[in-house]
Amino acid sequence: GSGTSSGPSTGANQSLAIGLVAEPASLDFTTTDGAAIPQALLTNVYEGLVKQDESGKIVPDLAKSWTISPDRKTYTFELVDNAKFTNGAAFTAADAVFSINRVKSAWTTSLKAAMDVVQDAKAVSPKQLQVTLSKPSNDWLFRMTTRIGAMFSQTGVDKLATDPVGTGPYKFGSWKRGDSIVLQRNDSYWGTKPFFNQVSLKYFKDPTALNNALLTGTINVIGTVQAPEALSQFTSNTKYQVIEGTTNGEVVLSFNNSRPVFKDVRVRQAIRSAIDHKALLDTCFAGRGKLIGSMVPPTDPWYEDLTQVAPYSKDKAKSLLAAAGATGKSLRLRLPTLPYATSCGQVVKSQLEQVGLKVQIDQLEFPAAWLTTVFKNADYDMSIIAHVEPRDLGAVFSPKYYTRYDDPTLQQALAAADAGDEATQVTEMKKAARRISEQAAADWLFLLPNLVVADKNITGLPVNAITESFDLSKLARS
Amino acid sequence: MAEPVIQVTDLVRDYPRPRTSLLRASPPVHALRGVSFEVQEGERFGIVGESGCGKSTLLRIIAALDRATSGQVVVEGTDITRLPERRLRFLRENLQLVFQDPMSSLDPRMRVRDIIAEPLVVQGHPASGERVRELLEAVGLSADAGDRYPHQFSGGQRQRISIARALAPRPRILIADEPVSALDVSVRAQVLNLISDLVDELNLTLIFVSHDLSVVKHVCSRVAVMNAGQIVETGPTADVYAAPTHPYTRRLVSAVPTLQRALSGATTTDLVKGVPST
Amino acid sequence: MVLRLVERTAVLLVSLAVSSVLVFGFMAVLPGDPARVALGVNASDEAVAQLREQFGLDRSLATQYLDWLGGLLRADFGTSYVSKVAIGPQIFDRLQVTLWLVVVGMIVALVVAVPAGTVMAARHRKISGLALSAISQLGVAVPAFLAGILLIMLFAVKLGWLPANGWTPPASDPGMFLRQLILPALSLGLVQGAVLTRYVRSAVLDVLREDYLRTARAKGLRPFPALWRHGLRNAAVPVVTVLGLQLATLLIGAVVVERVFVIPGLGSLLLDGVSNRDLLLIQDVVMLLVVAVLVVNFLVDVLYVALDPRLRVGQR
Amino acid sequence: MSGLGGSVDDEGGPVSDRGAPESALGVPASGADVSTGGGASTGVGGPTGVGGSALRRSAGRRLNPSLVVGGIIVLVIVLTALVSFVWTPYDATLVDPAVRLAKPSWSHWFGTDKFGRDLLSQIMVGSRTTLFVGLVAVGVAAVIGVPLGILAAMTRRWSSELIMRANDLLLAFPALLLAIMFGAVFGASTLTAMVAIGIATVPSFARVIRSGALQVMRAEYVLAARAAGRRPFPIALRHVLPNVTSLITVQASVSFAIAVLAEAALSFLGYGTPPPTPSWGRMLQESQEFLFSAPRLAVFPGVAIAIAVLGFNLLGDGLRDRFDPKLEDRR
Amino acid sequence: MSSLVEEHEVVEQSDVLTVRGLTVSVRDKILVEDVDLTVGPGERVGLIGESGSGKSLTALSVLRLLPEDVHARGSVRLSGIDHDLIGADERQLSRIRGRDLAMVFQEPMTALNPTMRIGDQIAEAMLIHRTVPNRRAARAAATDLLGRVQLPGVARAYPHQLSGGQRQRVVVAIALANDPALLICDEPTTALDVTVQAMVLDLILQGVAARESALLFITHDLAVVATICQRVLVMYGGRVVESGPVHEVFTNPRHRYTQGLLAASDLDSAAHRLPTIPGNVPAAGNFPTGCVFRTRCPHATDLCTTTPPWTGPSPHGYACHHPAPELVTVETKQGKFEEVADG
Ligand SMILES: Nc1ncnc2c1ncn2[C@@H]1O[C@H](COP(=O)(O)OP(=O)(O)OP(=O)(O)O)[C@@H](O)[C@H]1O
Ligand SMILES: Nc1ncnc2c1ncn2[C@@H]1O[C@H](COP(=O)(O)OP(=O)(O)OP(=O)(O)O)[C@@H](O)[C@H]1O
Ligand SMILES: [Mg+2]
Ligand SMILES: [Mg+2]
Ligand code: NI
């Protein structure tokens, strides 16, 4: 709750257990990458100045409101006045300046680059913050909704890896490695206090174990269903509710565009046409999820249905391949050891082989081996991975990224989108999305669904999971 | 007298024993403690002694299958105790062994033919089927025995095969380590006869080891009595048997039950005469 | 006997030293830069270099090795590259969990195997023995995780008697601890028990063939008392060996069962370590495991002496 | 009646200091029956006299059921694998969404999986993987373990001690651990996993072969061969090796079973055979999501694994009984 | 044969052991056939024969300690026991074994439990049958027994610390612990050296004499039997081929096998070449029908394909169609047997 809604009354001493899949390796997202840390901590323990609501809009959080200067370079934030860190310190503009500067100085993960555009941040008053950018950037404000925008206490960053300190509705309780993270309600929270007194996030490597845990009452919620095939046992049971929404996770069949064979746009298009996306989704994700034609989820303002840019057609694929002289070419599909990638990879292989390509599947252990081989060294022809970062079109299709996609037209559109006002941003982004789709910079197999299963009486579960966090503040038991 | 075929001088063999104390090395097992004797050409030399007295150790050293700790073994004028394996060819051709256990002395995975031919093959002689057949015949087995495996034969027949193998390279010296100890009485007589006949026919020098005094007495002309790694008495078999001089020999001779003595009323008390309680 | 102990101890120490070099060497060739994995996908090269320096990964291998070994000797397992948390307490926590599982599993296995194996051997010609033998053969043939899954389906999901998975430390909630321990300990114990049964049976069959058992019968002992008084101790030697080996290998081998039952044990710590390239953690866990195996072997060796007087050299 | 029959047991000196535990340690960490003989039996140093173990052993030998059943199972697996090279009902890797999760029927005897692949075809082709898995693991273990064992038996005290110590050290690296680590270094593939399993199996091979070879070395025919002038290497080749083949076969088939189990466990953990190569272990792992909706997906590969392991174990038991008359009546 | 039975029926009551028609078989193979055997009180009876002739099986049938798939038929009765041992259950048998009936086996090295102290193993024999009041008395009795087999002070030792001869004496002590009515020794000295054998034989004889126990002594060594036994049975191919007082059987063997055996084993007086029995002892179950010896017998005729009847109402009986002639004067000068037989 951002202080605007009154919300349900606080449950006395109730606790909740949520089953999740990936356990963080550390609690410090300033130096350790990975989606698991913000999933647990962002908006729950840490808060930013702004956040994204479920429809994708940027809304106030620790900043009550903000104004943008006409040259779109200076942002002035009015901060809430009763926020307090869990170490007792009050949240002030100085903390905000500290947090923003600290991204540049102390963060080590690649995400820190988003803060490069900030020229200066200063505390005008304890409750007013002014940030000056070196150039106009729509993206910057959006990034402030992600972990980059998390506000740290000046006096609470010594033990980020084990003892995080934030202003959020929950405070960090304990972490049993290999098992669970426990969050306790922050009773001195400045906004609406959450319903549950304690929430434990339990981690299950094995999807079946996760399902069993819900079935036997060990947990109350499955945060993300990994084995959609097993959903049937919950849909048919009145004790549970199943929520299906969307995420930011585009499952991408990526091409290594620096490989000669993929330099030919016809080959790329042929592959897109060769894949029967509907059948693929049915087969490897039980038909859950959404088909998308480009790198934009429906929750982004510039979403367009581009699924018809490359409709399924074996004949077209064959003729494109023939024209490019690529029939019978052998391609290495290097998959990370993730269930959806393994599943989809086999379908992709089978479908591509039907149009006359040869596909050899390699499995690379995820994360370490896959990151080194495919991601860093780009030693691959094709791979499959879900890109779960929000608004990542620009990042993914760049020459330096593992896709090695070098397209000036695209870069132009992206730059214009970032610099322009909201309307310009939307039109330019639409252009960019269409460009990569038509150029077949990759194939988008589908958008991962947000599948949540929970006890019937749990309320406040988000339908869409488009932010980095699993927002626990609205959860309640009816 | 001519130069002896085998001359053993002051032979000592110590086997190390695993340590039992940190500070002191365990005393070694003295398997042989200064054994000396000579065997003349064509002689039938017997060695008797109880279990563990070092008979087999002695034979192994004579056959250069084990190294002496000290002392000397001269075979046909050559000192073999310090010779490397590659210079032992003459010994391998001239001296062969027959072992005690008919079960373990033949490789169960080889055909009899190959077993008998093994010494020939190793020593680079042409291993003709003719020679194998000849040998089989010499030990009283039919020619088709060559195609079969050892387990298809009885103990006595196996000892015959062993003997055939030993005779294959036409050795001049035959060493037999308790060749009949594991055989039935009725078969023992057959094998003893066979050895006797062959030694006569082929003019072999025989060293015959046994723990059974009567067998040695039957086969050998001269005998050495061993006890605890030493030879306590040597002499013509009949003399040693009839008039043992060493107390150990006396004890040994008196302890052997024989039919004749038994039928003429000897009891166990007579047997234990001279046997000290241990 | 003292000598044997000293000799065994020396062997143990040398083995430990050699294996520490092996483990370290193996880690050194493991591909995947821990610093890069920790920093994530698009970390800059400078950041990586900086982190490498921070962890001392830029020093010579020999220095790294000695440092590590020195730490181990002081019971300092170092700090994880990935989670930046001290490794020692983590390993200790996980080890406790796994030990519970493995030891209770082993007890289950023994409780199953000793009587079953003995009966099988004693009645190996009778229908009861044959039937037991067939069951144990089947038990050996079923993968442990499959057994676990079946147990969960039956007792947790279908019947709802026991929790399907999870782990509670005994101190915090003994009741829950027990309830959660039963299924994993059973699935581990039954499969190991089946394996152990074969060894017990084999050892008892060997003993049954021994002359001294016939002597015992000739004294007037009936078959089972004879086996009990004279056979079991002699049969224990080979069984103890297997038991020792199983105990040691199960510290990691239980990982499959840990996975099925979502138990935060040593095996899953290792697997996580491998997939996160938490190099130091892997190194420590593997070393710990090697130490465990060697020490258990050592203890088994010592136990022989207690079981078999023939090994007490230097007596009398 | 094999070369390692009781005859050698009858012989032999006083119990050596390490005699009992060593032969006792010669057992693999898992698997079925193991001969634990040697440890408890003391030999006699004296003349055996007219002891009659010779004839006793020729007493009748029946075909034992373990051998027959195990042999038949293994034969069926081998035949299935061979047939799968030339014929399977469907292409085992062909994805056909139209028939996904089909129930068993005349067109798909075992039904299909979530990709619409024919289960029967996958089981058939999977038998190839199973055999491959076993052959690689056992091959590696035998190729390294057998010479090591023979070497340890034939060389001097200290060098053989060294080999056996190294062997013990290897024992400290359990199969699963080695496989995971090898997978991390060389990339996960069936081959690397199985080479790792093979290496982890070396110690048990070396131990068993060593104790067998020690018995052979004690036999008088080795002495006879030396007296005939044979050098150590030919003795190892012509006498020792042939006489431990029975041990090798037994050990191989038991290890085979262990390897099959290990592959299943590794597949379960995601370190086993990578897709799309059909493997029983991975089929079982993939079937997990369907335990409730389509349990048959787990049943077929699960039963296949169990039967294969059972087959190889039984074969091993049977061979052991056959080769070792002392254990004649084991089952 | 029937005459022998009749002859012994008179004294049946007083016989310690009476075996009638004992047949031992494994599956379809007959290993021992139709053996009759009696041992009178205090009597010392020898059972000789070559390896595989069924001596051990006969002894084990009496104790009912046969290997699992080997079965005995016939009747085995012990004086003072009102049931047949064949067909008795384990409970009944375990009361007899070690108390009325004791046995010493061939292999001293393996006959003792390696993990139990010597004294305890002896004491156990008495404790099982409660022939001593308590554990302490059993210990004392064990120490005493050890003293009597001339092994003082080894009660706390383990078997591996003793030599073969010493172990065999321990086994003898165990067997004699409860003063059995019958002691069966199965080649107790075959594995021992002659000097040790002499001592062990002497101890057995003394022990038996002191307790007035009967002795059934199995061996392949004719001289040993001649030394310690009063009566002897000769076995071949699972059958008793000849029996009688030692002196008679050994000086005037009637069965051709006994005759051959005596000649072949007499190394002392034979000339350079030994008289031999042609051929080999067949494997178990491969003995010919009719006369079991006929395949190796130089005197065999067609008649021998029928089983020879038991001849001899006198204590000296045999089963042969062509027996060696009876000597009128006992000739102890060896080497003449063959001549006599030829004549
Ligand atoms: N390889 C060895 N290592 C250690 N000790 C040995 C070895 N070989 C023999 N001995 C010991 O040496 C002594 C003599 O042994 P050897 O085999 O020569 O006796 P033997 O007279 O042949 O006895 P047997 O009649 O039993 O064959 C014994 O005490 C034996 O234990
Ligand atoms: N369990 C068994 N199964 C089959 N045959 C057996 C068994 N036990 C013994 N035999 C056979 O029965 C025959 C008689 O055996 P037994 O042990 O009575 O001979 P023995 O006269 O005591 O000979 P030895 O002098 O060798 O002890 C042998 O040929 C033997 O092979
Ligand atoms: Mg010897
Ligand atoms: Mg016998
Ligand atoms: Ni006749």
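The structure presented is a predicted model; accordingly, all values stated were derived computationally and were not measured. In what follows, chains carry the letters A, B, and so on, assigned in the order in which the sequence lines appear, proteins first and then strands, with residues in each chain numbered from 1.
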Residue pair B:L106, B:I161: steps toward the side-chain contact (heavy atoms from CB on, under 4.5 Å) verdict: CA-CA 8 Å; B:L106 305 177; B:I161 297 169; 4.0 Å; yes
E:F217/E:L183 under side-chain contact (heavy atoms from CB on, under 4.5 Å): CA gap, chis, key distance, verdict: CA-CA 8 Å; E:F217 196 97; E:L183 176 66; over 6 Å; no
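A donor-acceptor contact closer than 3.5 angstrom is absent between the side chains of E:Q166 and E:R169.
Heavy atoms of B:L192 lying under 4.5 Å from chain E belong exclusively to its side chain. Heavy-atom distances place no part of E:Q206 under 4.5 Å from chain B, backbone and side chain included. Both the backbone and the side chain of E:L201 come within contact range of chain B, with heavy atoms under 4.5 Å apart. Contacts between B:V219 and chain E at a heavy-atom distance below 4.5 Å are absent for every atom of the residue. Within the 4.5 angstrom heavy-atom criterion, atoms from both the backbone and the side chain of B:S214 approach chain E.
Your options are B:L213, B:D212, B:D197, B:V256, and the one with the most heavy-atom pairs under 4.5 Å with chain E is B:D197.
A 6.0 Å sphere centred on CD of B:Q152 holds more than 12 heavy atoms belonging to other residues, nucleotides or ligands.
Between B:D101 and B:R158 there is no salt bridge, since no side-chain N of the basic residue sits under 4.0 Å from a carboxylate O of the acidic one.
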